[in-house]
Amino acid sequence: QVQAVETGGGSVQAGGSLRLSCVVSGYIGNTNCWGWFREAPGKEREAVAGIYLSGGGTVYAESVKGRFKISQDISKQSVYLEMNSLTPEDSARYHCATAGYCGTGEKTLIRYLGIWGVGTLVTVSS
């Protein structure tokens, strides 16, 4: 059974940084890409970043480009999200997920979700 466990969330002030980590256990040989999405009260679920296991190609939401960086360590079955220049608008629960496709626009990983974890909470104060 494939499971994802996220860590690294917390409370920071605006302008601060956090690094989220996710370990995916179980067989991931059929996984095409994985990444992060976030959920905040009163807001739509938003795909934040995705990365392809083969080749390492990445995609980012426009709202985080230039501030967030996704990376992976396939040998550890782990994916990471480095978040810099955080703003209160980044406050959300961040979930790690596997997906069949990681794109942009109408084709973000949210549309092609495989499994995802319970998430880790990020709170950014002004």
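Here CD of Glu106 is found 7.0 Å from CZ of Arg111. Values are rounded to the nearest 0.5 Å. With values rounded to the nearest 0.5 angstrom, Trp116 atom CH2 is found 6.0 Å from Arg45 atom CZ. The CD atom of Gln3 sits 12.0 Å away from the SG atom of Cys96 when rounded to the nearest 0.5 Å. Here the CZ atom belonging to Arg67 is positioned 4.0 Å from the CG atom belonging to Asp90, to the nearest 0.5 angstrom. Here the OH-NZ distance, from Tyr60 to Lys65, works out to 10.0 Å after rounding to the nearest 0.5 Å. Atom CZ in Arg93 sits 8.5 Å away from atom CD in Glu6 (nearest 0.5 Å).
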### Message
I'd like to know whether Tyr101 forms a side-chain contact (heavy atoms from CB on, under 4.5 Å) with Lys107, so could you lay out the CA-CA distance, the side-chain angles of the two residues, the decisive distance to 0.1 Å, and finally the verdict.
### Response
CA-CA 8 Å; Tyr101 186 77; Lys107 296 185 177 182; 3.8 Å; yes
### Task
Take Ser25 and Val5 through the side-chain contact (heavy atoms from CB on, under 4.5 Å) test and state the conclusion after the steps.
CA-CA 8 Å; Ser25 60; Val5 177; over 6 Å; no
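Cluster membership for Leu86 and Trp36, using ILVMFWY side-chain heavy atoms within less than 4.5 angstrom, is shared. Placement of Phe68 and Leu20 within a single hydrophobic cluster is found when ILVMFWY residues are connected by side-chain heavy-atom separations under 4.5 Å, directly or transitively. Phe37 and Val24 fall into different hydrophobic clusters, where Ile, Leu, Val, Met, Phe, Trp and Tyr are joined by side-chain heavy atoms under 4.5 Å apart, directly or via other members. A continuous path of hydrophobic side-chain contacts links Leu81 to Val64 [ILVMFWY only; heavy atoms under 4.5 Å]. Note on Ile115 and Ile51: same hydrophobic cluster, where clusters join Ile, Leu, Val, Met, Phe, Trp and Tyr whose side-chain heavy atoms are under 4.5 Å apart, directly or indirectly.
A salt bridge links Glu46 with Arg38; the closest basic N to acidic carboxylate O contact falls under 4.0 Å.
Taking all atoms of both residues into account, the shortest heavy-atom contact from Cys22 to Ala4 is SG-CB, 3.9 Å. Of all the heavy atoms in Ser85 and Ser17, the pair that sits closest is N-OG, 4.3 Å. The minimum heavy-atom distance between Val23 and Ser78, with the atom names listed, is CG2-OG, 3.6 Å. The shortest heavy-atom contact between Ala14 and Pro88 is CB-CD, 4.2 Å.
Judged purely by atom type and a 3.5 angstrom limit, Gln1 has no side-chain atom pairing as donor or acceptor with the backbone of Gly26. Of the possible donor and acceptor atoms, one in the side chain of Ser91 sits under 3.5 Å from a partner among the backbone N and O of Val124.
Between Val122 and Met83 the shortest side-chain heavy-atom distance falls below 4.5 Å. Under the 4.5 Å side-chain criterion, counting only non-hydrogen atoms from C-beta, Ile110 is not in contact with Glu44.
Here the options are Ile70, Leu109, Ile28, the test is side chain to side chain contact (heavy atoms under 4.5 Å, CB included), and the partner is Trp34; only Ile28 passes.
In this structure, Arg19 forms a cation-pi arrangement with Tyr80, its terminal cationic atom sitting closer than 6.0 Å to the ring centre and no more than 45° off the ring axis.
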